[in-house]
Amino acid sequence: MIASYRFAGQDEYCLRIDRGRDTRILVIQPLFEEANRTRHMLAEMMRALDGHGIDSLMPDLPGRNESAFPQHQADLDLWRNALAECAEQLGPVTHIAALRGGALLIDCAPQLPVWRLAPAKGEQLLRTMIRARLTADREAGKHVTEEMLIEAAQTGPVELAGNLFGTAMIDGLKNARPEDVLDIRRNSRTVRNSSEPDFVTGMIDGKALWLRAEPEHNAVMSQAIADDIAEWIRP
Amino acid sequence: MTRHFTFECTGETLVGSIDDAKGERGLLIVSGGNEIRAGAFGGMARLARDLAASGITVMRYDRRGIGDSSGENSGFEGSADDISAALTAFRKQCPGLREIAAFGNCDAASALALFAGKAGFAALALANPWTIETPDNAEEGETAAMPASAIRSRYLAKLRDPRELWRLVTGGVNLRKLVKGLRQAAAKQEVSGLGERLMKALSGQTVPVAILIASRDRTALAFLSIWDSASGEAARTNGYIMLQQIHSASHSFAGEDDHRWLVEQLIAVVHSC
Amino acid sequence: MNQDQQVEQVVRSVLCDILGLGEEQVAGFDADTELFGALPELDSMAVAGLLTEMEDRLDILIEDDEVDGELFENFGNLVNFAKAKLAA
């Protein structure tokens with residue numbers, strides 16, 4: 001259940017269910033605090049995949065969760081490299097499953113079939129974190145604007161919603177869109193969750209867990225994701 | 001280097017993480033709310049590394065139904081078995097430790113106050129203990145409608161006007177005045193069942209207990225109103241208990257100064273074992 | 001469903017997701033339903049998430065200076081704000 005992969009001279013944590021089977025999914029979590037909120041749901045999802053006879057890996061990204069890698073030195077490209085390293089060391093990986101901002105990193109293994117739930121634009125994620133920072137600053141009586149934060153990031157790490165950001169991450173997020181990293185020829189399935197007003201090719205029953213104020217569980221979503229992935233892999 | 005492992009609790013598989021240090025004392029961190037063991041913003045992972053750097057071995061874990069662990073989440077009220085199992089696992093993983101203390105924030109502090117006696121810690125650090133009763137509004141066939149966080153704030157809404165709250169956020173309110181008013185309002189609250197149980201549990205502690213308070217945190221203010229009331233007298237006069245306050249509104253000791261203060265307090269508690 | 005009803009539905013849906021409430025509960029929200037007392041412990045992340053989701057699902061832009069205490073006072077204010085944004 002507990003594995004590790006080597007990246008930038010450090011061991012990084014990777015949750016794993018591996019029984020040496022043929023199908024192995026690399027799970028790319030949502031980014032930043034959305035990962036905390038969906039952590040248990042995804043761990044249970046991996047156990048449900050296990051029930052379908054499917055192995056899975058869910059690595060920590062450098063600077064996230066258990067990682068001691070300096071947060072502000074991470075950017076989207078570094079994360080793609082880390083995912084590729086993890087797949088190389090703990091694979092072979094046959095499919096990718098990505099949620100929310102995780103969908104921005106699926107080009108870590110561009111040749112693999114990819115399953116995506118509610119892909120999120122980098123700009124949207126960044127906007128929420130900047131807003132949270134501005135709201136918190138106003139609560140403390142400080143006058144800060146978005147422009148000031150972006151400028152500050154040029155010369156040193158900036159804290160947004162509890163995470164440290166370097167300018168490369170901020171720029172990367174501003175410009176990252178899920179469709180830009182999904183080659184049209186790639187075998188893919190995209191689903192949205194049932195609170196979305198519109199959907200593409202499928203709908204997963206369950207609320208947007210990643211928007212809550214604190215981590216919660218959704219057992220229905222765990223099972224629904226695993227079932228949908230299993231069905232997609234072996235229709 | 002942090003090391004990770006699994007351990008058993010009532011047949012479920014829990015995951016723990018340990019930062020080893022050379023000393024003979026350890027600290028078990030019990031997570032609050034539904035937070036994963038690394039903590040919101042990786043705060044607990046960082047705290048553990050900081051404490052280990054000062055010679056204290058630290059363990060954190062996901063209780064049942066949280067993070068990487070299996071099983072059902074029974075909240076802080078149902079976490080007694082998880083706390084015991086974690087302490088057992090800690091001793092097994094680190095047989096060289098002489099004394100093990102425990103730290104919890106918010107409802108984890110309450111859980112430790114209520115259940116730690118059975119487990120056998122050498123000292124306790126309880127930060128901003130949670131005393132707010134979840135309203136029993138479950139009707140037949142329904143489960144509690146609101147998540148804990150929404151319930152918390154509904155309670156808080158009784159204490160003050162919503163517009164006031166927003167003026168606070170946008171900087172239009174004198175914080176000191178608001179806090180004074182809050183404390184007065186809170187003092188008039190009926191002491192809940194949970195508050196009573198907590199005071200009783202605290203009055204019976206026979207190991208060093210440090211109650212760590214962020215003096216402008218709303219949860220801490222609610223605790224203080226009970227601590228200061230008649231219900232809190234036996235706890236207040238228990239010589240094992242010391243109250244330490246930092247002048248801050250941060251419930252989770254975010255921010256450099258708060259973090260540094262918390263680390264100092266925890267080191268002191270561990271060395272009081 | 002006309003556009004006004006659609007906007008209302010989207011706002012209900014976002015609140016559902018952010019607050020973790022059941023659909024039946026949120027369906028019961030009317031113009032006077034107080035939001036502030038029901039929002040999760042004043043959490044800058046939750047408020048930020050709510051605003052960004054409304055922007056994304058309604059395809060509107062919310063400036064920081066448009067957000068004040070009145071906006072979150074009740075369900076009606078939030079919905080009216082969203083409708084006004086779409087009409088602009």
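Chain letters run A, B, ... following the sequence lines, proteins first and then strands; every chain starts at 1.
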What distance separates C/Asp56 CG from A/Arg127 CZ, expressed to the nearest 0.5 Å?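 Result: 10.5 Å between the selected atoms.
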Taking side chain as C-beta onward, heavy atoms only, is A/Arg192 less than 4.5 Å from A/Pro119?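 Side-chain contact under 4.5 Å: yes.
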Hey, are the side chains of A/Arg39 and A/Leu15 touching, using non-hydrogen atoms and a 4.5 Å cut-off?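 Yes, at least one pair of side-chain atoms sits under 4.5 Å.
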Does any heavy atom of chain A fall under 4.5 Å from the side chain of C/Leu58, the backbone, both, or neither of them?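 Neither the backbone nor the side chain of C/Leu58 comes within 4.5 Å of chain A.
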Chain A contact via C/Gln6 - side chain, backbone, both or neither, heavy atoms under 4.5 Å: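 When you check distances to chain A, no heavy atom of C/Gln6 falls under 4.5 Å.
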Would you check if the side chain of C/Glu55 reaches a backbone N or O of C/Ile62 as a donor-acceptor pair within less than 3.5 Å?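 Answer holds: yes.
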Chain C interface, residue from A/Leu125, A/Ile130, A/Leu211 that has the most non-hydrogen pairs under 4.5 Å: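 Of the candidates given, the most pairs with chain C belong to A/Leu211.
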